[in-house]
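Working notes, beginning with the structure itself.
Atoms within each ligand, like the ligands themselves, are counted from 1 in listed order.
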Amino acid sequence: MRVTSSLFLLAIAALSQQSVQAVSANVQDALHKVAKYSANSDIRPGAFIVELDGEPGSTNVQAIAGSATSSFAKTTSKFTVDKQYSTLFNGFSVKTTENFDPIQLAIAARTSGSLERASRSVLLTAASTFNHPELGNCWKTFGCMWQLGYDLVGDDYDPNDPVPVIKPGPHPMDCTGHGTHVAGIIAGQGPQVIGVAQDATMGMYRVFGCPKNGKGVTTSDDVIIAAAEAAYRDGADIISLSLGGVSWPEGPSAVVCSNLAKKGVVVVAANGNDGASGLYTAGAPAVGSGVLSVGSVDNWNNTGGAADIITPSGDKRISISLSSNENIPFVFNPPAPIAAAVDSANSNLGCATISQDLKGKIALIQRGTCTFNEKVVHAQAAGATGVVIYNNVAGAISPSVTDTTVTIPVVGISLSDGQYIVSALDCRGCLSQGSEGETGGQMSSFSSYGPSAELDIAPRISAPGGNIYSTVPINMGRYGSKSGTSMATPYTSGTVALLKQAFPKYSVAEIHRVLINSAKPRADAKTGKNIHPVLERRWSGQYLRCHHNPCTSVSADGVEGFSSSQSVRWAVRTIDLKNLDKKKSARVSFSNSVADSLSNWNADGSFAVNPRVWPADASGSQGPTTLPQVYVPDLQYYDILEPGEKRSVDVFIIAPYGLKESDRWFYGGFLNFTMTWSGEKNTAKSFTVPYTGFNGNYRQLDVLSQPSEGLPILTDTKGIPIEGTKFSVTDTTPAVVNFRLEVPSRIVKVTLVDMKNTSLGYVTGGYLEYVPRNLQAAETYLYTALVTKRVFQGRAWHEAC
Ligand SMILES: *[C@@H]1O[C@H](CO)[C@@H](O)[C@H](O)[C@H]1NC(C)=O
Ligand SMILES: *[C@@H]1O[C@H](CO)[C@@H](O)[C@H](O)[C@H]1NC(C)=O
Ligand SMILES: *[C@@H]1O[C@H](CO)[C@@H](O)[C@H](O)[C@H]1NC(C)=O
């Protein structure tokens with residue numbers, strides 16, 4: 001088939017439904033070479049998870065997997081069923097060749113009528129343990145804290161390989177230090193690291209291999225499902241997952257964790273470290289319903305290492321945070337000179353090569369613009385013996401250095417300490433003092449934002465995750481500080497373990513309520529005084545019950561359905577108040593604690609790469625000029641709840657008014673119920689319930705990036721734009737449709753149409769469901785679909801509903 005561009009119209013429609021994608025690996029590689037864009041890197045080529053209709057265990061998975069295999073036996077695509085699941089997930093995982101388009105699965109499944117959906121296999125980042133003296137130094141022996149778990153994958157596992165190597169070792173030993181660090185936060189036995197829940201019986205299921213080719217480790221959701229099923233069968237009460245990938249609650253790992261929660265297991269999962277990209281960056285499995293998603297706040301006390309800065313005017317001890325290559329110790333004896341690196345672009349960022357002679361010196365480089373790896377590689381090439389990276393926003397950083405060619409030690413320091421050194425180098429003495437933990441208690445800048453693609457609040461709670469001191473494997477120096485929602489997650493899991501110990505009968509929902517209703521709103525990092533936007537954190541308490549699921553959120557659908565001419569938009573939610581004290585009556589008062597608003601759009605309606613916070617980012621833009629208001633007419637001033645009394649109250653939430661439809665803000669706050677028990681003076685306790693809403697017409701948001709971004713664009717497989725009016729394609733030289741989503745979309749279709757605008761069918765990879773947004777700040781810039789000679793006909797399953 002020859003296609004001329006006049007005949008060729010691409011329709012990319014974003015409607016409503018599920019996700020599947022096949023992207024050829026060499027096309028992905030080619031696209032990485034395009035300067036401005038890189039292809040979505042979190043998809044495992046040729047791998048799918050197939051979810052069948054019905055509850056786990058209700059379907060003969062083996063029979064369906066067998067008939068799917070035989071129905072594809074005659075096609076050119078290799079189709080192998082890998083893992084089958086029936087405990088927490090109803091389905092199986094599939095490996096195919098790269099030319100397999102999942103739309104074929106959809107068409108086959110429609111005939112059998114059994115398929116719920118086929119999802120792309122998503123790669124998840126982060127990790128497992130080591131024996132460590134402060135972690136018992138034992139494995140499954142009598143009296144050992146480690147009683148459960150095993151290695152599911154082995155050192156050589158890499159889901160990016162065409163055929164990943166699975167060679168499990170005898171113990172779930174950790175390669176990167178991540179698992180050991182996380183384990184120390186839950187159950188470190190001291191003396192240096194004292195875990196939150198020292199008496200917990202622990203299990204460890206290893207799902208990550210070792211880093212290779214200078215890349216960070218990833219795993220795939222087929223392994224996560226197998227690990228979750230194993231932990232469940234072993235009787236785990238709490239499952240802590242310091243891993244994830246931006247996704248929908250319909251993603252397989254989220255579905256599995258929701259099923260775990262339904263079966264009474266408390267699942268705690270990292271909300272993600274993509275905060276720099278703004279809204280909708282929460283990951284799966286954290287976004288699953290019933291999963292306690294955890295954001296990160298910075299530590300007050302940066303216990304990392306320390307370095308002495310020696311200047312003519314005196315010495316100063318500063319905190320340093322180890323980087324992920326901490327197995328190379330940052331030790332200089334005698335002290336090494338430090339030099340502010342200047343790259344060939346005359347910048348202190350080290351993103352271009354450095355011609356300055358840094359031989360025998362420690363290079364000081366600022367965070368930003370390019371990866372930590374690139375900065376360190378440039379400094380090493382210039383002869384540096386070590387690298388100190390200083391932050392570009394307040395607070396400490398732990399740089400992630402995974403390039404295996406790096407042989408010099410790297411540490412991170414705070415912005416103020418970096419500026420201290422810069423000024424010491426500049427003027428020898430005119431120094432200002434930095435303070436440690438200056439962002440202590442504030443949300444960490446990397447912590448991912450909600451809402452989930454289904455508009456639920458995420459994270460549900462936050463915990464210390466920025467600059468946390470814990471155990472690392474012995475060969476990496478035993479102890480070190482790391483940052484991430486990966487660190488906040490075990491802190492929360494340990495807290496849940498203590499709650500479970502004190503209240504063994506608490507259900508998953510009760511544990512969520514106790515934590516969420518009694519947590520405290522944080523000050524906004526930007527203003528230092530207002531309440532931080534709800535979508536980056538939240539809470540609840542044993543005195544509050546809610547009818548709705550999600551019980552405590554007023555999501556955008558709560559304010560939908562009002563025409564734009566109506567000036568007042570409002571929603572009602574019912575909340576149960578219960579006085580759990582059986583002897584004393586309690587006086588209740590209510591107030592509305594309004595939080596800052598968040599937007600991922602600029603004043604002109606274009607998408608903002610960095611989220612804006614109102615009122616901190618007020619300059620030149622419209623923001624909500626009125627605050628959301630809340631009325632609780634059922635509650636009189638200082639109402640009394642008798643001992644044990646339960647009362648349901650309706651809460652009316654009124655959106656800020658006077659805003660135009662184009663002013664797209666997620667507003668929100670905390671409903672604040674304060675109880676004072678009779679006979680107790682000065683013992684008022686406040687319980688908060690977060691709420692959020694969206695101003696604007698959600699259905700009219702631009703799903704695709706602005707044409708001014710140069711997207712969508714048709715390129716060849718090398719990423720070179722196709723120009724002119726004619727081009728021809730073959731299966732090996734397809735044309736590539738590159739596009740970017742600014743908000744999550746339930747369905748994305750790329751179809752080929754003729755001159756009369758009649759659809760010829762979907763192109764390869766042109767039918768995607770439950771698609772997360774692309775992140776500008778991470779390597780998930782683009783989606784790609786391939787125009788080959790093949791188009792796929794037919795409607796996908798479920799589209800009729
Ligand atoms: C910070 O942590 C260190 C080491 O655990 C401890 O000695 C010190 O008291 C802590 N400081 C504060 C302010 O908590
Ligand atoms: C909730 O109200 C109480 C009593 O007025 C107040 O002390 C507390 O600071 C409020 N909490 C929030 C988060 O605003
Ligand atoms: C082609 O058809 C689609 C829907 O079928 C429509 O949305 C689109 O506007 C049409 N394009 C042109 C150029 O007519």
Side-chain donor-acceptor contact under 3.5 Å, S296 with S447: no
Ligand 2 N/O within reach of T688 N/O, cut-off under 3.5 Å: no
Sidechain N-carboxylate O distance under 4.0 Å for R647, D634: no
Atoms in ligand 2 with a heavy atom of T674 nearer than 4.0 Å: 1 (C), 2 (O), 3 (C), 4 (C)
Parallel, tilted or perpendicular, as decided by the 30° and 60° cut-offs, for the rings of F666 and F694: tilted
Proximal atoms of ligand 2 relative to S593 (non-hydrogen, under 4.0 Å): 12 (C), 13 (C), 14 (O)
Short side-chain donor-acceptor distance under 3.5 Å, N271 and S448: no
Under 4.0 Å to a heavy atom of P521 - the qualifying atoms of ligand 2, by number: 13 (C)
Worked check of ring pair (Phe, Tyr, Trp, His ring centres under 6.0 Å) between F673 and F590: CA-CA 5 Å; F673 297 90; F590 170 79; 5.1 Å; yes
Proximal atoms of ligand 2 relative to S686 (non-hydrogen, under 4.0 Å): 1 (C), 2 (O), 3 (C)
